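Everything on this sheet refers to the single structure shown next.
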Amino acid sequence: MTPPRESAGAIPTSESERLRLLATRTSFVRYGLLAALLSTLVLAFVVAKHEDVRHAPLVPPGTTGMLVLDLSASVYEGAFGQTIQKLADSDERVGVVAFSDSAYELLPPGTPGRELLPLLRYFAPTSETGTLPRNPWEQFSAGTRISEGLRVAGDVLRESHVKHGSIVLVSDLEILPDETARLGAMAADLRDEGIGLRIVPLFPTPEKLNRIREILGPSAILRGSQANAPVRAPETHSLAIAAPWTFLLVGALLVVLLAVNEGMLTRLEVAR
């Protein structure tokens, strides 16, 4: 009988049975590490796909936003430009509701931010006269009922079956005392439904801004009261958005698993 051929580099042994248990354990470790590496790789792909790469977006990450514009007679529409431009530059997906005494939907939820750019021509002074051009809402402008704008925005989110909604309100906050009470009640209803509310104030008086802060909290205000104050999300200086931490943690786990794989399953070297 011809003896079995030895594979290149194999170590002859007469005690293969004693090594069988170690071989089986090594196989389990190898397959376990392979499964862990593949799972971590898939997890990294999923996290990267859902990671919000925008830096401090006005619409909270993970939510579908509604931009609510105050077109009442007391508002200078040219102040809308900064907010709309910021949403368009980051291509945040938002719907748009306009309101004065009443409110109506301009754009549905999920509209790409770049679709807001055509609106800018109505909110930018012309170079010839320095005044705002005529816009389709001139006859619509009247009193200020913020609660009505929020109600319509909330209805649009519900009708669109949005699970995680948020609202960005742009207003001068020039409201009467009875509207303040309605605004507080509407904000509470939205909060109970899990719909977040953020406000870009358009140069309100300190008294009105403080009243809104008392109702909604300071973190809901996206702009200071100064004329040149930038529009920014409250997370701008937060470590939470300084880096994609979840993705980095998954990546670190993948590196650790690769290191363990190399350390435990390296080729056995035997000195000659």
Side-chain angles (χ1 to χ4, degrees), residues 46-47 49-72 75 77 80-120 122-123 135-137 140-141 144-171 173 179 182-202 212 215-217 219-222 231 233-235 241:
V46 172
V47 170
K49 184 177 180 181
H50 291 86
E51 190 72 36
D52 197 325
V53 298
R54 301 168 299 166
H55 181 73
L58 299 186
V59 176
T63 68
T64 298
M66 290 295 298
L67 177 64
V68 179
L69 299 177
D70 181 354
L71 296 178
S72 59
V75 171
E77 291 94 340
F80 292 151
Q82 185 181 161
T83 302
I84 293 176
Q85 188 68 59
K86 190 174 181 66
L87 290 168
D89 289 344
S90 58
D91 204 22
E92 299 190 47
R93 293 184 173 272
V94 294
V96 180
V97 165
F99 76 92
S100 181
D101 279 338
S102 57
Y104 68 97
E105 179 184 356
L106 282 175
L107 294 172
T111 301
R114 60 183 178 274
E115 299 297 330
L116 301 178
L117 290 175
L119 294 176
L120 286 175
Y122 297 116
F123 304 135
N135 64 63
W137 308 286
F140 176 71
S141 298
T144 306
R145 289 191 61 191
I146 296 177
S147 59
E148 180 65 12
L150 298 182
R151 182 192 66 79
V152 171
D155 289 344
V156 170
L157 289 172
R158 295 185 205 97
E159 292 168 1
S160 302
H161 306 290
V162 173
K163 294 182 179 180
H164 304 288
S166 61
I167 295 173
V168 177
L169 168 69
V170 186
S171 171
L173 307 177
E179 176 61 14
R182 287 193 292 267
L183 173 58
M186 180 57 64
D189 291 342
L190 293 173
R191 191 183 305 114
D192 292 341
E193 294 184 49
I195 299 176
L197 176 59
R198 292 179 167 183
I199 296 181
V200 179
L202 300 180
I212 296 300
I215 296 174
L216 303 177
S219 63
I221 309 300
L222 303 184
V231 178
E235 302 91 352
I241 65 163

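Computed from a predicted structure; not experimentally measured. Values reported hereafter were calculated over all heavy atoms of this structure, with side chains retained and with hydrogens, waters and symmetry mates removed.
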Dump the intermediate steps for side-chain contact (heavy atoms from CB on, under 4.5 Å) on Asp70 and Phe99, then the final yes or no. CA-CA 5 Å; Asp70 181 354; Phe99 76 92; 3.4 Å; yes
Show your working on side-chain contact (heavy atoms from CB on, under 4.5 Å) between Ile195 and His164 and close with a plain yes or no. CA-CA 7 Å; Ile195 299 176; His164 304 288; over 6 Å; no
Can you give me the closest heavy-atom contact between Ser72 and Ser100, atom names plus distance? CA-OG, 3.6 Å
Output yes when a side-chain donor or acceptor of Ser171 lies under 3.5 Å from a complementary backbone atom of Leu173, and no otherwise. yes
To the nearest 0.5 Å, atom CZ of Arg93 lies from atom CZ of Arg114 at 6.5 Å
If every non-hydrogen atom of Val59 is compared with every non-hydrogen atom of Arg198, which pair is closest and at what distance? C-NH1, 4.3 Å
Of all heavy-atom pairs linking Ala153 and Val97, the shortest is CA-CG2, 4.1 Å
Any Val94 side-chain heavy atom under 4.5 Å of Val168 side chain: no
Between atom CG of Leu169 and atom CD1 of Ile212, what is the distance when rounded to the nearest 0.5 Å? 8.5 Å
Minimum heavy-atom distance between Gly165 and Thr63, given as atom pair plus value: C-CB, 4.2 Å
What distance do Leu87 atom CG and Leu119 atom CG have between them, rounded to the nearest 0.5 Å? 11.0 Å
Hey, are the side chains of Leu67 and Thr83 touching, using non-hydrogen atoms and a 4.5 Å cut-off? yes
salt_bridge(Asp89, Lys86) N-O dist < 4.0 Å: no
Looking at Leu107 and Glu115, what are the two nearest heavy atoms and their distance? CD1-O, 4.5 Å
With rounding to the nearest 0.5 angstrom, report the CZ to CZ distance, Arg151 to Arg182. 12.0 Å
Looking at OG of Ser166 and CD of Glu92, how far apart are the two atoms once the value is rounded to the nearest 0.5 Å? 9.0 Å
Looking at every non-hydrogen atom in both residues, tell me the closest pair between Leu190 and Gly154 and how far apart they are. CD2-CA, 4.4 Å
I'd like to know if the side chain of Glu179 reaches the main chain of Ile146, judged simply by a donor and an acceptor atom lying under 3.5 Å from each other, with no hydrogens or angles considered. yes
Within the structure provided, determine whether Leu150 and Ile167 are in side-chain contact (heavy-atom separation under 4.5 Å). yes
